[in-house]
Each structure stands twice: as C-alpha cells, then as structure tokens.
Amino acid sequence: MSMGAFKGRDLLSLADLTAEEVQELLHLAGEMKAGRANLHCNKVLGLLFYKASTRTRVSFSVAMYQLGGQVIDLNPSVTQVGRGEPLADTARVLARYLDIIAIRTFAQADLESFAHYARIPVINALSDLAHPCQVLADLLTIQEVYGSLAGLTLTYLGDGNNVAHSLLLGCALVGMDIRIATPPEYQPHAAIVDQAKTIANGRSTITVTTEATSAVKDANVIYTDVWASMGQEAMASTRTPIFQPYQVNDDLLSHADSKAIVLHCLPAHRGEEITNAVMEGPRSHVWDQAENRLHIQKALLASLLGSA
Ligand code: CP
Ligand code: NVA
C-alpha cells in the first residue's frame with residue numbers, strides 16, 4: 001500500500017484527515033499488528049510533553065523503536081523550553097535535528113504555532129481540545145470487535161472534553177452515530193460539534209444531550225473518560241456529584257445493546273466515571289484499546305515519515 005499522501009503532514013486534529021485516510025491508517029495498523037507489514041525507518045522522533053503520560057509516551061516510543069528509529073524525550077524541565085524559550089524558536093531549532101515530533105500540551109494554539117514554525121510533521125499527543133491518536137486507536141479497537149464501523153452507535157458519557165471532541169470527529173469520519181451525554185455545563189464545544197456535523201454530511205447522526213439513560217439505549221459502544229482532565233484537578237471534588245448520573249455502571253449498561261462493549265482511554269478513576277465491576281467485566285475492551293495505541297501510532301509514524 002502506498003501512503004505517500006501522508007508524507008510530511010501534521011496531525012493536530014482528526015479533521016486534518018479525510019474519511020479515506022482514516023480507513024487507510026486503520027488498515028495499515030491492522031496489517032502491522034498482524035505482522036503482515038514490517039515497515040522500516042531510520043528516523044528520530046522527539047517527544048515534547050508538558051503533561052504526564054504513560055500510554056502515549058511509551059506507545060510512541062516503542063512504535064518508533066519497532067520501526068528501527070530513535071526517540072528523544074524533550075521533557076520541558078530539562079530543556080530550555082521549561083525556562084521560557086519561545087515556542088517559535090524551539091520549533092525552528094528542533095526541526096533541524098528531528099524528523100518528527102509528538103507534543104502533549106494545553107493550548108491547541110501552541111500546537112498550531114509549533115507546526116507553523118517547524119518544517120517537520122507535528123503530531124498532537126493530546127491537548128485540552130483534542131486527542132486524535134487516542135481516537136484512531138479506539139476506532140481500530142471497535143473495528144476489531146465489530147468487523148466494520150459505519151452504522152454503529154457510540155455513546156460517550158461524562159465531560160465534553162478533548163477525548164469527546166476527537167470522538168465526535170472520528171465517528172463522523174467513519175460513519176458512526178455518536179451520542180454525547182454530559183451535565184449541562186460540560187457539553188463539548190459547539191464549534192467541534194458543528195465541524196463533526198459538516199464532516200458527517202448526513203452519513204451519521206450526532207446527538208448532544210444531558211440524558212444519560214436514553215443516550216445509552218441500544219448503543220454498541222459505551223465510552224467514558226475522567227471527570228476532571230489534567231489541569232482541572234482542583235475542580236475534581238466539585239464535579240463528582242454533578243457527574244454521578246453519568247457513571248458507567250451495570251445499571252446504565254443494562255440499557256445498551258446486549259453485546260455492547262465498554263471503552264475508556266485510561267487512566268481510569270474506578271468508582272467515579274466507571275465502576276470496578278464494569279472495568280474488569282466481560283464488556284470491557286480497555287486493554288486491547290490501550291495496546292492499539294502502539295499499532296495505530298506505528299502506522300501513523302510510518303505514514304507521516306513516508307515509509308509506508
Ligand atoms: N490515554 C492516554 O493518552 O494515556 P496517557 O495519558 O497515559 O498517555
Ligand atoms: N481527558 C483526559 C485524557 C487523558 C488521556 C485528560 O486530558 O486528562
């Protein structure tokens with residue numbers, strides 16, 4: 001398969017990809033996971049993470065090592081970034097050394113600025129607005145279970161956050177219906193909902209509601225994430241009672257399709273957004289989901305570096 005159209009591009013949002021490109025990435029990731037596509041690149045990936053990470057940091061690193069490349073951890077506390085060197089300067093310098101960079105930060109505008117100044121591919125490894133790599137892995141996981149994606153219904157419960165935003169765009173791109181159920185003050189950004197509706201172009205239904213039970217009815221995939229994201233920890237205790245009706249528990253799951261699966265991007269707070277019984281229960285696919293970060297990001301790296 002030729003993935004030449006990806007070479008040199010950025011992935012800052014799933015809206016950067018076409019529906020066909022998402023399908024190509026899912027296919028390549030599946031081939032790599034099955035050992036049918038052993039791609040190689042002798043390139044260097046930088047990881048510039050302003051927030052904590054286990055899965056994204058390790059899966060990107062292992063993906064690059066498995067491709068034959070190298071990884072440099074650009075932890076802001078040991079680079080000049082942490083002492084205030086302007087992002088525009090850092091971007092232009094790092095682009096002279098690295099072949100590709102994954103950045104985890106707060107403001108989407110910082111990612112866009114970095115990408116403007118850096119002449120190498122920039123990957124969004126999570127921002128306050130979006131988590132595109134997570135949702136590509138989620139789609140791979142759902143496809144593995146159901147065989148295909150179009151026509152399925154995913155219900156996301158909890159905070160209308162970065163993961164919810166990328167799920168909106170990802171589901172729209174693959175023709176899945178998506179229902180987002182959140183407390184009234186915590187709905188996803190209207191601009192992202194509109195963007196998803198434009199991408200869906202009538203091929204799938206996008207619903208934003210405050211009703212948890214009706215949102216779950218007959219859904220094929222139930223998805224949740226933490227009620228307070230990184231950077232919002234101080235608000236966690238205020239949020240707990242507000243979000244309680246959106247907890248993924250056995251009672252709520254009884255309204256979903258009888259074969260519905262449960263996903264969570266992790267890390268999870270058992271007893272808050274999801275019960276321990278559901279996390280550890282037969283519907284949970286969270287460990288396959290976490291593994292798929294590796295496979296989809298390997299496909300993404302190979303594609304953006306022009307090795308696929
Ligand atoms: N799901 C996810 O991005 O996990 P990390 O924060 O551990 O990278
Ligand atoms: N919404 C969470 C996702 C963590 C992977 C956060 O931003 O902290």
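The model shown is predicted, which means the values in this text are computed figures rather than measured ones. Each ligand, and each atom within it, is numbered from 1 in the order the structure gives.
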For atom 6 (O) of ligand 1, what is the nearest protein heavy atom, given as residue, atom name and distance?
-> Arg104 NH1, 2.8 Å
min-distance protein heavy atom vs atom 4 (O) of ligand 1 -> Arg55 NE, 2.9 Å
What is the minimum heavy-atom distance between Tyr117 and Ala91, and which atoms define it?
-> CB-CB, 3.8 Å
Following the transitive rule for hydrophobic clusters with a side-chain heavy-atom cut-off under 4.5 Å over Ile, Leu, Val, Met, Phe, Trp and Tyr, establish whether Leu168 and Leu140 coincide in one cluster.
-> yes
Residue, atom and distance of the protein heavy atom nearest atom 7 (O) of ligand 1 read Thr54 N, 2.7 Å
Donor-acceptor under 3.5 Å (Arg9 side chain, Asp16 main chain) = yes
Report every pair formed by an N or O atom of ligand 2 and a protein N or O atom separated by less than 3.5 Å, giving atom names and the distance to 0.1 Å.
residue, atom, partner, partner atom, Å
ligand 2, 1 (N), Asn161, ND2, 3.3
ligand 2, 1 (N), Asn162, OD1, 2.9
ligand 2, 1 (N), Asp225, OD2, 2.6
ligand 2, 1 (N), Ser229, OG, 2.7
ligand 2, 7 (O), Asn162, ND2, 2.8
ligand 2, 7 (O), Ser229, OG, 3.4
ligand 2, 8 (O), Met230, N, 2.8

Between Asp218 and Arg179, does at least one N-O distance fall below 4.0 Å, as a salt bridge requires?
-> no
If you measure only the distance, is there a donor-acceptor pair under 3.5 Å linking the side chains of Gln80 and Asp89?
-> no
Note the single closest protein heavy atom to atom 2 (C) of ligand 1, along with its residue, its atom name and the distance in Å.
-> Arg293 NH1, 3.3 Å
Please state whether Lys51 comes within less than 4.0 angstrom of ligand 1, counting heavy atoms only.
-> no
Cut-off 3.5 Å, side chains only: do Gln108 and Asp128 have a donor facing an acceptor?
-> no
Could you tell me if any non-hydrogen atom of Leu126 lies under 4.0 Å from any atom of ligand 1?
-> no
Are side-chain N/O atoms of Glu273 and His264 paired as donor and acceptor at under 3.5 Å?
-> yes
For Gly281, does its backbone N or O pair with a side-chain atom of Ser284 as donor and acceptor, under 3.5 Å?
-> no
How far apart are the closest heavy atoms of Pro76 and Tyr50, and which atoms are they?
-> CG-CD2, 3.8 Å
Taking only heavy atoms of Cys265, which atoms of ligand 1 are found under 4.0 Å from at least one of them?
-> 1 (N)
Can you sort out which atoms of ligand 1 are near His131, meaning under 4.0 Å from one of its heavy atoms?
-> 2 (C), 3 (O)
Please check if the side chain of Tyr146 supplies one atom and the backbone of Asn220 the other of a donor-acceptor pair under 3.5 Å.
-> yes
Leu266: numbered ligand 1 atoms lying under 4.0 Å from its heavy atoms | 1 (N), 2 (C), 4 (O)
